[in-house]
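All values below were derived from every heavy atom in this structure, side-chain atoms included, with hydrogens, water molecules and symmetry-related copies excluded. First the proteins, then the strands, lettered A, B, ... as listed; each starts at 1. As the structure is a computational prediction, the values presented were derived from the model and not from experiment.
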There are 2 protein chains.
Amino acid sequence: MQTQHVTLAEQLMRGEVFSDQCPSRQILNHVTSRWGGLVLIALMSGTHRFSALRRKIRGISEKMLAQTLQILEQDGFVARTAYPVVPPHVEYTLTPLGREVARKVEALADWIETNLHEILSRRPGATN
Amino acid sequence: MQTQHVTLAEQLMRGEVFSDQCPSRQILNHVTSRWGGLVLIALMSGTHRFSALRRKIRGISEKMLAQTLQILEQDGFVARTAYPVVPPHVEYTLTPLGREVARKVEALADWIETNLHEILSRRPGATN
DNA sequence: CAGTATCCTCATTGATACTG
DNA sequence: CAGTATCAATGAGGATACTG
């Protein structure tokens with residue numbers, strides 16, 4: 001296999017992921033951020049309330065959950081529905097667009113979980 | 001830090017990314033880190049030398065490229081081959097395992113690029 | 001319940017210099 | 001060429017307290 005020569009034009013045509021200016025990088029960062037992907041995957045199983053998400057996604061803080069949900073809502077991946085009751089009741093659901101990204105993210109996460117044993121066993125120091 | 005009380009055994013048994021103890025979360029972080037995914041995608045087109053990767057992935061520093069490559073090598077996704085010559089010649093290639101993850105990451109990036117217009121047009125402030 | 005507001009820590013990253 | 005070493009800066013993220 002040889003190192004292949006790739007022109008700038010070819011790079012741009014293949015995709016703008018290698019470019020820092022393209023907004024696609026931002027979206028990619030959102031869905032692959034520390035919590036973004038987990039929120040998307042969590043919502044795949046249906047509508048969740050804020051506190052339900054917090055319990056499900058271990059280790060996430062209130063702040064980061066709120067922030068992540070806002071970003072994903074901005075991107076049109078998550079729909080937020082607030083019921084005007086006391087105490088407050090807010091539901092989060094994936095939009096059709098969100099379901100699609102979530103599926104891609106989940107495919108990645110699933111692959112990792114499926115192959116986790118194989119991966120870990122190859123790591124240095126693995127007892128195997 | 002850990003506001004919920006879930007035993008370690010419980011989390012490990014779930015074996016899911018939602019557990020902050022499960023190693024799968026670390027692997028997920030590696031391949032979705034700022035540079036991890038880009039390195040994987042870059043290597044999909046074949047073997048690359050260190051400097052070739054640096055040129056291809058615009059904006060990455062030597063330090064971060066070296067660090068990212070080491071992590072991906074530890075995970076068994078990237079194979080490093082050093083030829084004992086002067087000046088040094090080192091080649092990086094995806095392992096079979098690495099090719100599989102890379103495909104998933106690429107699928108995600110591709111989806112975003114394909115749907116970028118749709119996503120952006122729904123965002124607040126879009127001229128549409 | 002579902003957040004905000006504030007403050008603060010520390011991990012990630014970058015710049016620069018150096019080396020086998 | 002392919003890194004490592006060191007230091008500095010940024011900002012993502014966490015703890016806590018408070019509110020509609």
Peer 1: Could you give the distance from CZ (B:Arg80) to OH (B:Tyr92), rounded to the nearest 0.5 Å?
Peer 2: 4.5 Å
Peer 1: Counting Watson-Crick and G-U wobble pairs only, both distances under 3.5 Å, name the nucleotide matched with D:dG20, or none.
Peer 2: C:dC1
Peer 1: In this structure, how many angstroms lie between the P atom of D:dG14 and the CD atom of A:Gln67, rounded?
Peer 2: 10 Å
Peer 1: Find the distance A:Arg55:CZ to C:dG3:C1' and express it as a whole number of Å.
Peer 2: 15 Å
Peer 1: For the side chain of B:Glu62, starting at C-beta, report the closest nucleotide among D:dG3, C:dA2, D:dA2.
Peer 2: D:dG3
Peer 1: Please give, in whole Å, the distance from C:dG14 C1' to B:Leu65 CG?
Peer 2: 14 Å
Peer 1: Side chain of A:Arg80 only, heavy atoms from C-beta on: which candidate in C:dG3, D:dA2, D:dC1 is closest?
Peer 2: C:dG3
Peer 1: Grab the CZ-P distance between B:Arg58 and C:dG14 for me, whole Å please.
Peer 2: 16 Å
Peer 1: Counting only side-chain nitrogens and oxygens, does B:Arg49 get under 4.0 Å of the OP1 or OP2 atom of D:dG3?
Peer 2: no
Peer 1: If we call it a pair only when both distances are under 3.5 Å in a Watson-Crick or G-U wobble match, what pairs with D:dA9?
Peer 2: C:dT12
Peer 1: Base, sugar-phosphate alone, or nothing: which one does A:Gln70 contact when heavy atoms must sit under 4.0 Å apart?
Peer 2: sugar-phosphate
Peer 1: Verify salt bridge (Lys or Arg N to Asp or Glu O under 4.0 Å) between A:Glu118 and A:Arg122, making sure each step is shown before the conclusion.
Peer 2: CA-CA 7 Å; A:Glu118 166 108 9; A:Arg122 289 169 180 274; 2.8 Å; yes
Peer 1: B:Phe50 has a side chain; which of D:dG3, D:dG14, D:dC1 sits nearest to it?
Peer 2: D:dG3
Peer 1: Do A:Ile71 and A:Met44 land in one hydrophobic cluster if side-chain heavy atoms of ILVMFWY residues count as linked below 4.5 Å?
Peer 2: no
Peer 1: Heavy atoms under 4.0 Å, any strand shown: does A:Pro88 hit a base, just sugar-phosphate, or nothing?
Peer 2: base
Peer 1: To the nearest 0.5 Å, what is the distance between OG1 (B:Thr68) and CG (B:Leu38)?
Peer 2: 9.5 Å
Peer 1: Rounded to whole angstrom units, what separation is found between the CG atom of B:Asn29 and the C1' atom of D:dA12?
Peer 2: 13 Å
Peer 1: Which whole-number value in Å describes the distance from B:Tyr83 OH to C:dG20 P?
Peer 2: 24 Å
Peer 1: If you check every side-chain atom of A:Ser61, which of D:dG14, D:dG3, C:dA2 has the closest atom?
Peer 2: D:dG14
Peer 1: Could you tell me whether the side chain of B:Lys63 has a donor or acceptor atom within less than 3.5 Å of a complementary atom in the base of D:dT4?
Peer 2: no
Peer 1: Base, sugar-phosphate alone, or nothing: which one does B:Tyr92 contact when heavy atoms must sit under 4.0 Å apart?
Peer 2: sugar-phosphate
Peer 1: If I take atom CE in residue A:Met64 and atom P in nucleotide D:dG11, what distance separates them, rounded to the nearest angstrom?
Peer 2: 14 Å
Peer 1: Drop me the distance from B:Ser51's OG to B:His89's NE2, to the nearest 0.5 angstrom.
Peer 2: 8.5 Å
Peer 1: Without decimals, in angstroms, what is the distance between B:Arg54 CZ and D:dC1 P?
Peer 2: 11 Å
